[in-house]
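Per chain, numbering begins at 1; letters A, B, ... match sequence-line order.
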Amino acid sequence: MPRTPINALKATASQPQRNSLDRADDRDRLPGSVVVNLRETLLLWYGHFGRDLPWRQSRDPYAIWVSEIMLQQTQVKTVIPYYERWLTLFPTLSALAIAEQQQVLKAWEGLGYYARARNLHRAAQDIMLRHQGVFPASPADVMQLPGIGRTTAGGILSAAFDQPMAILDGNVKRVLTRLVALPVPPKRAIADLWQLSEALLDRQQPRDFNQAIMDLGATVCMPHQPLCSSCPWNGHCEAYNQGIQAELPMAETRAPLPHKSIGVAVIWNDQGQILIDRRRQEGLLGGLWEFPGGKVEPGETVEACIQREIREELGIEITVGDHLIVVDHAYSHFRVTLNVHHCRHVSGEPQAIECDEVRWVTLTDIDQYPFPKANVQIIEALRHGETSTDHH
DNA sequence: TACTCGTGGTT
DNA sequence: TAACCAAGAGT
């Protein structure tokens with residue numbers, strides 16, 4: 001398949017040696033002098049307008065690693081309180097490695113993409129065993145750790161050790177897409193964008209350069225209404241010159257989100273305890289606890305669904321009682337409606353048939369367990385019901 | 001390659 | 001308000 005020709009992406013600054021056959025393309029490339037100017041103006045801008053973020057005070061690769069993982073697909077404003085709390089709970093790599101997964105997931109609760117937390121935990125244990133507890137400094141070793149891809153490796157190694165490693169996160173993608181007026185959605189030109197990021201990187205100051213280009217994307221070259229008049233790169237920005245900065249990056253096509261209706265059980269026993277289960281490690285919300293339930297089949301009532309699902313998943317008989325709450329929630333690629341009912345345990349010992357573990361807990365103890373957001377809403381509904389009326 | 005994987009902010 | 005998007009990686 002022919003690659004879309006994007007001549008401006010053929011930056012040459014890092015390849016000063018070229019033969020004469022390449023010369024015909026020179027007018028379409030970013031000349032070395034332009035690259036030098038882009039670096040200088042960006043770093044000057046960064047000195048005035050760069051953000052002061054908690055993890056930038058540190059050179060500890062562990063702390064920087066934690067920040068990089070939390071920042072994947074997650075806004076800075078959301079990350080900051082989680083980051084601060086994490087470093088008090090797990091101040092060192094070895095502290096994280098010896099922690100229980102449940103503690104780790106509890107500290108991550110609400111951040112989403114929970115594989116990040118499971119991988120962070122697992123990688124900490126890998127480093128204890130295979131790297132004597134010292135965070136590796138070689139790109140190959142870093143990229144072998146679970147949860148660390150090329151961008152995160154570059155982010156860590158440049159920030160912690162000032163290594164000349166390029167990055168290509170959402171900010172950089174958007175900035176570069178506009179800089180060269182990329183005529184296709186960024187996903188179609190990942191290799192070219194990486195090449196451009198490599199070519200632009202200031203190898204004398206890779207840490208500052210990477211932080212600077214991310215700040216530019218976050219505070220000036222924003223997704224909507226970019227502040228081009230304040231941009232140190234507007235003189236060389238192809239999108240700005242063409243007046244099409246608001247049209248870029250080109251949108252990716254996206255399928256509409258399917259919807260599922262779910263029956264959920266809050267099962268009480270005679271001791272006033274509630275039955276919860278721990279989801280399997282792999283897949284959605286892996287390792288987190290939840291109230292058991294399942295998908296409402298076509299033509300099935302919510303009550304019948306709950307009774308059936310509990311029999312299939314836990315091997316027990318229940319009666320389905322009062323409706324508690326409806327929770328609408330959107331995940332990345334589908335939406336759910338949780339129809340939650342109070343239920344009463346009738347017979348049978350709960351078995352972990354389609355989950356990793358089941359447990360009876362009190363409303364007091366339940367805080368120790370990590371739950372997905374939609375289930376936290378259920379717990380809050382239980383609390384309110386308990387303090388106001390209380391008849392279960 | 002295309003799909004999976006959370007949640008909150010913003011428009 | 002529904003849709004888009006955010007310091008991406010694993011499979």
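In this structure, a donor-acceptor pair under 3.5 Å is absent between the side chains of A/Asn339 and A/His323. In this model, no donor atom of one side chain and acceptor atom of the other lie less than 3.5 Å apart for A/Asn234 and A/Ser229. No donor-acceptor contact under 3.5 angstrom links the side chains of A/Arg116 and A/Asn119, judged on distance only. There is no side-chain donor-acceptor pair under 3.5 Å between A/Thr151 and A/Asp169.
Atom name C1', nucleotides C/dA6 and B/dG6: the rounded distance is 12 Å, in whole Å. Using C1' as the reference atom, B/dA2 and C/dA7 are 23 Å apart when rounded to the nearest Å. C/dA9 and B/dT1 have their P atoms separated by 16 Å, given to the nearest Å. Of the C1' atoms belonging to C/dT11 and B/dT7, the separation is 22 Å, rounded to the nearest Å.
When distances are taken from the side chain of A/Thr152 to each of C/dG8, B/dG9, B/dA2, the shortest belongs to C/dG8. Counting only heavy atoms from C-beta on, A/Leu284 has its side chain closest to B/dG6 among B/dG6, B/dT7, C/dC5. Among C/dG10, C/dA6, C/dA7, the nucleotide with an atom closest to any side-chain atom of A/Asp169 is C/dA7. With B/dG6, C/dC5, C/dA9 as the candidates, the nucleotide lying closest to the side chain of A/Arg254 is C/dC5. When the nucleotides B/dA2, C/dA7, C/dC5 are ranked by their closest atom to the side chain of A/His224, C/dC5 comes out on top. Comparing C/dC5, C/dA7, C/dG8 by their nearest atom to the side chain of A/Gln211 picks out C/dA7. Checking C/dC5, B/dT7, C/dA7 against every side-chain atom of A/Tyr114, the shortest atom distance belongs to B/dT7. Of the candidate nucleotides B/dC5, B/dT7, C/dA7, B/dC5 has the atom lying nearest to any side-chain atom of A/Tyr113.
C/dT11 atom C1' lies 13 Å from atom CZ of A/Arg118, rounded to whole Å. Counting to the nearest Å, the C1' atom of C/dA7 and the CE atom of A/Met165 are 15 Å from each other. Atom P of nucleotide C/dA7 and atom CG of A/Asn171 are separated by 4 Å, given to the nearest angstrom. Summarising the geometry, the separation between CD1 on A/Ile80 and P on B/dG8 is reported as 16 Å, rounded to the nearest angstrom. Rounded to whole Å, atom C1' of C/dG8 lies 11 Å from atom NZ of A/Lys187. Atom CG of A/Leu71 is separated from atom P of C/dG8 by 8 Å (rounded to the nearest Å). Put simply, OH on A/Tyr82 is 17 Å from C1' on C/dA7, counting in whole angstrom units. In this structure, CG of A/Leu285 is placed 11 Å from C1' of B/dT7, rounded to the nearest angstrom.
Put simply, SG on A/Cys305 and NE2 on A/His341 are 9.5 Å apart, with the number rounded to the nearest 0.5 Å. From A/Phe209, atom CZ reaches atom CZ of A/Arg203 across 10.0 Å, with rounding to the nearest 0.5 Å.
A/Arg335 contributes no side-chain N or O that forms a donor-acceptor pair with the base of C/dA2 under 3.5 Å. Interface remark: the A/Ser332 side chain does form a donor-acceptor pair with the B/dG6 base, using a distance-only criterion of under 3.5 Å. Applying the 3.5 Å distance criterion, the base of B/dG8 shares no donor-acceptor pair with the side chain of A/Thr74.
Under 4.0 angstrom from either OP1 or OP2 of B/dG6 there lies no side-chain N or O belonging to A/His329. Checking the phosphate oxygens (OP1, OP2) of B/dG8, no side-chain nitrogen or oxygen of A/Gln75 falls inside 4.0 Å.
Using a 4.0 Å heavy-atom criterion, one finds that A/Arg174 contacts the sugar-phosphate atoms exclusively. Using a 4.0 Å heavy-atom criterion, one finds that A/Arg279 contacts no nucleic acid atom at all. At a threshold of 4.0 angstrom between heavy atoms, the contacts of A/Gly147 are confined to the sugar-phosphate backbone, with no base atom among them. If you check every strand for non-hydrogen atoms under 4.0 Å, A/Ile69 touches nothing. Among the heavy atoms of the strands, none lies under 4.0 Å from A/Ala251. When heavy atoms are screened at a 4.0 angstrom cut-off, A/Leu53 is found touching base atoms of the nucleic acid. Note on A/Gln225: nothing from the nucleic acid sits closer than 4.0 angstrom, heavy atoms only. Among the atoms of the strands shown, none is found under 4.0 Å from any heavy atom of A/Gly217. Nucleic acid contact class of A/Trp55 (heavy atoms, under 4.0 Å, all strands): base.
In terms of position on DNA chain C, the residue among A/Glu68 and A/Ile148 whose nearest nucleotide sits closer to the 5' end is A/Glu68. Remark on DNA chain B: of its neighbouring residues A/Lys77 and A/Gly112, the 5'-side contact belongs to A/Gly112, judged by nearest-heavy-atom nucleotide.
No donor-acceptor distance shorter than 3.5 angstrom exists from the side chain of A/Asn269 to the backbone of A/His345, with no hydrogens or angles considered.
Remark: A/Arg278 does not engage A/Glu290 in a salt bridge, criterion side-chain N to carboxylate O under 4.0 Å.
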